[in-house]
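Report on the structure given below.
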Amino acid sequence: MFHLIEKRVLERVSDYIRNRYSVDIPVGLEQPKQAAFGELALPVAFQLAKHLKQPPKVIAAQIAADLSGIEGIASLEVAGNGYINLRIDRAYYGERLLQPEPPAREADGRKIIVEHTNINPNKAAHIGHLRNAVLGDTFVRMLRSAGYRVEVQNYIDNTGVQVADVVAGFHFLEKKRVDEVRELAKQDRFDYLCWDLYARVSAYYAENPEALKWRQDTLHAIESGAGEIAELGNVVADRIVMAHLNTMLRLGIEYDVLPRESEILHLKFWATAFEQLKERKAIYFETEGKNKGCWVMPGSAFKEEGEAAEDDSKVIVRSNGTVTYVGKDIAYQLWKFGLLGKDFYYRRLLDYPSGHPLWVSTDTPQEEKAPSFGGGYKVYNVIDSRQSYLQNVVVAGLRALGYQEQAERSIHFSYEMVALSPRTCAELGIELSEEDKRRPYVEVSGRKGLGVKADDLIDKLIETALREVDARHPEAPPEERRKVATQIATGALRYFMLKYTRNSVIAFDFQEALSFEGETGPYVQYAAVRARNILRKLEERGETLPDFSKELDCEAMGRQLASDDFWQLLLAASKSGSAVERAIASGEPSHVAKYAFQLAQAFNTFYHEYPVIHEENREKKMFLLWMTSYFRSQLERTLGILGIEIPDYM
RNA sequence: GGGCCCGUAGCUCAGCCGGAUAGAGCGACUGGCUUCGAACCAGUAGGCCGGGGGUUCGAGUCCCUCCGGGCCCGCCA
């Protein structure tokens with residue numbers, strides 16, 4: 001509701017400034033720090049002072065005098081050196097909130113593609129992958145709640161070195177046959193087994209560099225798609241993909257489609273992109289220097305103005321004729337925008353328990369008709385900030401091909417890594433060098449097998465939560481307690497991954513992550529549970545939830561909201577639209593998390609201060625009940641966007 | 001050598017396009033359970049917003065510079 005008023009005020013003021021002063025400046029609208037100053041503040045007089053060469057105070061007085069009669073605004077006054085403070089008409093506002101809010105926006109048919117997770121299918125997922133998936137999934141939920149059409153892609157690199165190394169481990173190091181591996185893959189934590197194997201293979205390479213030949217042989221075999229080793233590659237990658245899907249589903253994360261590298265190869269996406277790149281002279285054939293014999297993209301294409309040395313150019317096709325990763329990425333990005341002129345075939349991989357189907361790419365036509373994938377208007381790639389250089393090259397590729405607008409709408413949704421706190425390293429039994437001990441955090445490494453596995457963390461969180469639930473609700477059935485503990489655990493985890501802004505490095509610490517108090521997911525869940533408890537208690541007492549639009553009218557709202565206390569609480573509760581809008585604009589899911597926490601704080605003070613059910617005065621009781629149900633719906637909505645469930649009790 | 005990010009309370013972090021007295025959680029210290037159950041609430045202490053210049057009516061926020069920390073920059077994949 002709040003953002004509707006904001007919008008209305010902004011429009012009116014902008015129009016007024018344009019007409020009255022013939023200047024077109026961006027009008028700022030703030031929320032005063034002190035409640036006594038009202039709900040909205042315009043510093044526009046300061047901005048105008050320059051243009052008009054008049055004191056801000058004089059201008060402000062004039063604007064305030066002219067700008068009366070904005071719907072929902074009770075008063076305007078000049079304050080300080082030239083602020084214009086606005087007060088919202090409380091009765092109007094409260095009465096409006098009794099009506100259901102209109103949908104955020106009309107879907108316009110344009111599709112937004114969000115790609116996230118993208119874990120190499122060769123080992124168990126770790127906490128860094130969780131940050132990626134939770135950020136991506138929450139951003140998707142934000143967009144969908146705002147009315148956008150979103151397609152969620154999870155790209156699977158099932159033919160890369162990482163898979164090859166594990167396959168080489170099975171084949172060369174452990175001398176295992178496909179059938180044996182297939183048997184192993186039936187066990188629950190096959191992804192853990194591969195985690196260890198991957199680390200062993202990497203260590204083996206380090207000591208026996210000549211063994212790196214295995215990697216090359218394995219890669220070639222996988223690429224050709226035929227033979228025992230290729231088959232092994234499929235077994236490993238397919239099984240691990242399922243493991244990752246399961247891990248993510250524990251956190252409520254689902255995808256629409258899994259485009260796979262194997263199909264990008266088999267359907268020759270690159271060949272098509274290569275033709276385009278050559279034709280439009282986005283890349284050129286280097287005839288001298290260190291890159292002799294390669295097709296390269298000039299550094300000037302992706303470097304800022306400054307002189308791009310020849311050194312900066314990026315090899316796209318090697319002198320042996322094979323394509324680099326970036327090259328394939330360009331082809332893939334073209335497909336996402338529907339610019340490649342080619343598409344995958346699709347097979348329905350599974351149906352989630354929610355009923356939502358998940359599709360996977362395939363290289364042969366299928367009978368079942370699939371939805372149309374790709375061809376997005378805007379593309380968000382959720383990839384950690386270490387890859388920003390490569391992401392820049394990909395975007396430069398689009399630009400060099402003449403796809404200026406698509407380049408603009410290719411967004412590297414970057415975030416910083418999740419590292420480990422020294423304390424957590426110690427808990428995990430990781431030996432640190434003297435140098436590392438002095439660092440604030442230590443980077444995880446899949447190659448070294450150094451890190452915290454996602455499923456381990458989730459399990460540990462559930463166990464911790466279960467102890468609390470057991471202590472509080474010993475009478476509840478065990479499976480029910482486990483369900484509640486799971487909801488609390490995943491709520492805690494998702495919130496933990498979201499509370500930091502994207503470009504802050506998370507130094508993961510068990511003690512912190514396992515905390516359920518203070519600024520955490522369970523704190524917010526608890527507020528929602530409390531709101532529900534009040535309403536449930538009411539019904540247990542034989543009373544029914546009233547029809548508030550009949551019980552409360554504009555006058556009643558005015559009377560109740562005359563209390564600053566109530567008014568501030570309601571105001572805080574009604575800002576969810578504003579918070580989500582801001583979070584989408586800045587691409588920052590942490591803003592929603594922050595808001596959820598503030599909302600819960602507001603409700604908890606309300607809860608503590610005002611006994612609802614025992615209130616004697618009828619109108620006040622109606623009002624308190626309405627506040628409770630309004631808080632509840634706002635908490636539910638916000639937690640829904642964060643992908644956090646609300647337990648039945650806590 | 002080049003690029004990106006970070007530096008705000010003891011610790012972990014917020015701070016929307018530059019705006020009024022810099023906020024939260026944890027930790028520390030005081031208090032509060034008479035079931036709408038305390039995974040909560042109320043309060044106290046704690047800040048040269050890394051240093052220095054500049055732009056501005058106004059800078060934690062923008063520009064320059066220095067210091068400290070992190071990440072990235074192969075025809076590997």
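For the numbers below, each heavy atom of this structure counts, side chains included, while hydrogens, waters and symmetry mates do not. Below, read A as the first sequence line, B as the second, and so on, with proteins coming before strands; counting in each chain starts at 1.
- In terms of polar N and O atoms assigned as donor or acceptor, the side chain of A:Glu519 never comes within less than 3.5 Å of the base of B:U12 in a complementary pairing.
- Counting only N and O atoms by type, the side chains of A:Glu588 and A:Ser590 include a donor and acceptor under 3.5 Å apart.
- Shown here, B:G46 forms no base pair; nothing in the strands shown gives a Watson-Crick or G-U wobble contact with both key distances under 3.5 Å.
- Between A:Tyr389 atom OH and B:C5 atom P there is a gap of 17 Å when expressed in whole angstrom units.
- Partner of A:Tyr415 under the side chain to side chain donor-acceptor pair (under 3.5 Å) criterion, out of A:Asn132, A:Asn503, A:Asp384: A:Asn132 alone.
- For the residue pair A:Ser504 / A:Thr501, no side-chain donor-acceptor distance below 3.5 Å is found, with atom types taken as modelled.
- The base of B:C75 is paired with the side chain of A:Ser319 by a donor and an acceptor separated by under 3.5 Å.
- A close approach under 4.0 Å does occur between a side-chain nitrogen or oxygen of A:Arg439 and OP1 or OP2 of B:G70.
- A donor and an acceptor atom sit less than 3.5 Å apart, one in the side chain of A:Asn85 and one in the base of B:A20.
- Across all strands, A:Tyr500 comes closer than 4.0 Å only to sugar-phosphate atoms, never to a base (heavy-atom distances).
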Derivation and outcome, side-chain contact (heavy atoms from CB on, under 4.5 Å), residues A:Ile646 and A:Gln487: CA-CA 7 Å; A:Ile646 302 168; A:Gln487 289 172 317; over 6 Å; no

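- The side chain of A:Asn503 contributes an N or O atom lying less than 4.0 Å from OP1 or OP2 of B:C6.
- Using atom P as the reference point in both B:A28 and B:U65, the two lie 44 Å apart (nearest Å).
- In terms of phosphate contacts, A:Asn604 brings no side-chain nitrogen or oxygen within less than 4.0 Å of OP1 or OP2 of B:C40.
- Across the C1' atoms, B:C26 and B:G46 are found 14 Å apart, a figure rounded to whole Å.
- Rounded to whole Å, atom C1' of B:C76 lies 13 Å from atom NE2 of A:His220.
- For the side-chain contact (heavy atoms from CB on, under 4.5 Å) test with A:Glu519, the passing option among A:Lys594, A:Gln601, A:Gln598 is A:Lys594; the others fail.
- Using P as the reference atom, B:G25 and B:C40 are 11 Å apart when rounded to the nearest Å.
- Taking 4.0 angstrom as the limit, A:His614 places a side-chain polar atom (N or O) nearer than this to OP1 or OP2 of B:C36.
- Regarding contacts with the backbone of B:C76, a side-chain N or O of A:Arg318 is found under 4.0 angstrom from either OP1 or OP2.
- Taking a centre distance below 5.5 Å and an interplanar angle below 30 degrees as the stacking criterion, A:Phe46 does not stack against the six-membered base ring of B:G58.
- A:Ser504 has no side-chain polar atom (N or O) that falls below the 4.0 Å cut-off from OP1 or OP2 of B:G70.
- Residue-nucleotide stacking is not present for A:Tyr607 and B:C40, judged by a side-chain ring centre under 5.5 Å from the six-membered base ring centre and planes under 30° apart.
- Contact annotation: A:Tyr325 side-chain N/O to B:C75 OP1/OP2 distance is not under 4.0 Å.
- Base pairing analysis places B:G23 opposite B:C13; the two distances defining the Watson-Crick or G-U wobble pair are each below 3.5 Å.
- Across all strands shown, A:Glu443 has heavy atoms under 4.0 Å from sugar-phosphate atoms exclusively, and none from any base.
- Residue-level contact check: A:Arg386 touches the backbone only, with heavy atoms under 4.0 Å from sugar-phosphate atoms and none from bases.
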